[in-house]
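Okay, so here's the structure we're looking at.
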2 protein chains.
Amino acid sequence: MDSRIVDARTKIEIYGALSEGQGGLGDCPIRNVVQSIFGKWSSLLMMALAERPYRFGELRRLVPDISQRMLTQTLRDLQRDGYVHREVFPTKPPSVEYSLTDLGRSMFASLHHILLWAETNFEAVRAARTRFDASEG
Amino acid sequence: MDSRIVDARTKIEIYGALSEGQGGLGDCPIRNVVQSIFGKWSSLLMMALAERPYRFGELRRLVPDISQRMLTQTLRDLQRDGYVHREVFPTKPPSVEYSLTDLGRSMFASLHHILLWAETNFEAVRAARTRFDASEG
DNA sequence: CTGTATCCCCTATGATACTG
DNA sequence: CAGTATCATAGGGGATACAG
């Protein structure tokens, strides 16, 4: 693979410095998009929904250590960004199903690479950390 | 692309729930790896270093809105995880050059996809947000 | 069952000043 | 030039209780 993967100056004008433009930093569009994807629970929920649609309670059981508050909020953010479709079934009591949109599937296809990478390489990273921590005193 | 990209239950046992194992949550290895990659400044700095090595001050100018503290800290974290090599040149005053390691290049190759996706699709995401905000009152 | 509403805390980040 | 140290702060995130 070519090591000149990107032209850093060009990208960073978009991703980084360009943010000065209007009302300060958060205005850089790419940064905004990426940072909601990179949220603590986003990739985990996308991973689940990439397999099949899930109901709220199912997701809760699937990810036992997420709080109800963060599950609601993360799903809402994913829905807001257009990755997730929320459908309410008027059963009694009501049930709500979450599924990926086309945009969501497209996004996850790109997100997937780095998740796989982490799964494959976490031993190497752990080793690097151990080495670093040992050599610094 | 196959929509069954992952087997959610399997992945989440690793990525999510498995964390119960030892001392609570942060123990899940994949989560640890991914969350340092997903830090606020990590991908931006990786993007820069993927182009060529940079000195500390160069990175500072390239990313004007990062604080010196966070630049130091993020580079240190990236170095600790084995993505970045730090080389000190005994000039006067000293200069320090940062470059990607092989592990770093490998990681960035996988991270790159989602960064590109964000660049390509931020208009669609912005549109989705606008729609969502309009329709909720 | 699927959320909202509160309260609270802690960590990530920033601003500033100082040092080898 | 390349950091470190210190202090301050905002907001992400958890726990709990309540509601439709």
Side-chain angles (χ1 to χ4, degrees), chain A residues 16 19-20 23-26 28 31-32 34-45 48-49 53-80 84-99 136-137, chain B residues 16 19-20 24-26 28 31-32 34-45 48-49 53-81 84-99 136-137:
Chain A
S19 40
E20 308 295 344
L25 309 179
C28 168
R31 220 144 151 180
N32 262 286
V34 159
Q35 279 180 10
S36 82
I37 295 171
F38 284 180
K40 180 170 183 182
W41 301 106
S42 308
S43 49
L44 191 48
L45 293 177
L49 295 174
Y54 278 99
R55 302 226 333 264
F56 186 88
E58 291 178 315
L59 287 171
R60 206 144 112 85
R61 284 185 290 278
L62 202 59
V63 188
D65 56 340
I66 193 174
S67 66
Q68 196 172 26
R69 183 181 181 279
M70 288 315 296
L71 180 55
T72 302
Q73 183 176 308
T74 306
L75 286 170
R76 206 174 138 85
D77 291 345
L78 293 174
Q79 184 196 356
R80 177 169 184 261
V84 162
H85 172 69
R86 176 179 184 270
E87 184 147 17
V88 183
F89 295 98
T91 56
K92 240 180 127 140
S95 64
V96 180
E97 187 181 87
Y98 294 89
S99 56
E136 53 149 15
Chain B
S19 40
E20 308 295 344
L25 309 179
C28 168
R31 220 144 153 180
N32 262 289
V34 159
Q35 280 181 8
S36 84
I37 294 172
F38 285 180
K40 180 170 185 181
W41 302 106
S42 308
S43 49
L44 191 48
L45 293 177
L49 296 175
Y54 278 100
R55 299 225 334 262
F56 187 88
E58 291 178 314
L59 286 172
R60 206 143 112 85
R61 285 186 289 279
L62 201 59
V63 188
D65 56 340
I66 193 174
S67 66
Q68 196 173 25
R69 184 180 181 281
M70 287 316 296
L71 180 55
T72 302
Q73 184 175 309
T74 305
L75 286 171
R76 207 177 139 85
D77 291 344
L78 292 174
Q79 184 195 356
R80 177 169 184 262
D81 283 7
V84 163
H85 173 69
R86 175 178 184 271
E87 184 147 19
V88 183
F89 295 98
T91 56
K92 241 180 126 146
S95 64
V96 180
E97 187 181 90
Y98 293 90
S99 57
E136 56 150 14

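Small disclaimer: the values here were computed from a predicted structure and weren't measured.
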Choose from D/dA2, C/dT4, D/dG14 the nucleotide whose nearest atom is closest to any side-chain atom of A/Trp41.
D/dG14
Select from B/Phe56 and A/Ile66 the residue whose nearest nucleotide in DNA chain D is closer to the 5' end of that strand.
B/Phe56
Among D/dG3, C/dG14, D/dG14, the one nearest B/Val96 by side-chain distance:
D/dG3
Under-4.0 Å side-chain N/O to phosphate OP1/OP2 contact, A/Lys92 with D/dG20
no
Of all heavy-atom pairs linking A/Tyr98 and A/Leu49, the shortest is O-CD2, 3.4 Å
Value in whole Å for how far the P atom of C/dG3 lies from CG of A/Leu59:
10 Å
Could you tell me whether the phosphate oxygens of D/dA2, OP1 or OP2, come under 4.0 Å of any side-chain nitrogen or oxygen in B/Arg76?
no
Taking all non-hydrogen atoms of both residues, which atom of B/Arg86 and which atom of B/Val88 are closest, and how far apart?
NH1-CG2, 3.5 Å
First encountered from the 5' end of DNA chain D, between B/Pro94 and A/Pro94:
B/Pro94
Whole-Å gap separating C1' (C/dG3) and CZ (A/Phe89):
17 Å
At their closest point, which heavy atom of A/Arg55 faces which heavy atom of A/Ser95, and how far apart are they?
NE-CB, 3.3 Å
Under-4.0 Å side-chain N/O to phosphate OP1/OP2 contact, A/Arg69 with C/dA5
no
Checking all strands, does B/Ser95 fall into the base, sugar-phosphate, or nothing category for heavy-atom contacts under 4.0 angstrom?
sugar-phosphate
Have a look at B/Arg55 and say if it touches a base, only the backbone sugar-phosphate, or nothing, with a 4.0 Å heavy-atom cut-off.
sugar-phosphate
Show your reasoning for whether side chain to side chain contact (heavy atoms under 4.5 Å, CB included) applies to A/Arg60 and A/Leu71.
CA-CA 7 Å; A/Arg60 206 144 112 85; A/Leu71 180 55; 4.0 Å; yes
Taking D/dT4, C/dT13, C/dC1 as options, the one with an atom nearest any side-chain atom of B/Met70 is C/dT13
Take atom CG of B/Leu71 and atom C1' of C/dA15, then tell me their distance rounded to the nearest Å.
15 Å
B/Arg86 has its side chain closest, among C/dG3, D/dA2, D/dT4, to D/dA2
Between the side chains of A/Asp77 and A/Ser36, is a donor N or O closer than 3.5 angstrom to an acceptor N or O?
no
Ignoring hydrogens and angles, tell me if any N or O in the side chain of B/Ser42 forms a donor-acceptor pair with the backbone of B/Phe38 under 3.5 Å.
no
Take the protein atom CD of B/Glu97 and the nucleotide atom C1' of D/dC1, then report the distance between them rounded to whole Å.
14 Å
Side chain of A/Gln68: nearest nucleotide among C/dC1, D/dG3, C/dG3?
C/dG3
Taking for each residue the nucleotide of DNA chain C bearing the nearest heavy atom, is the 5' side occupied by A/Glu58 or by B/Ser67?
A/Glu58
Has B/Tyr98 got a side-chain N or O lying under 4.0 Å from the OP1 or OP2 atom of D/dG3?
yes
What is the distance, rounded to the nearest whole Å, between atom CD of A/Glu87 and atom C1' of C/dC1?
16 Å
Rounded to whole angstrom units, what separation is found between the CG atom of A/Leu44 and the P atom of D/dG13?
13 Å
Once you round it to whole Å, what is the distance between C1' of D/dG13 and CZ of A/Phe38?
20 Å
Taking atom C1' of C/dG14 as reference, at what distance in whole Å does atom CG of B/Asp65 sit?
12 Å
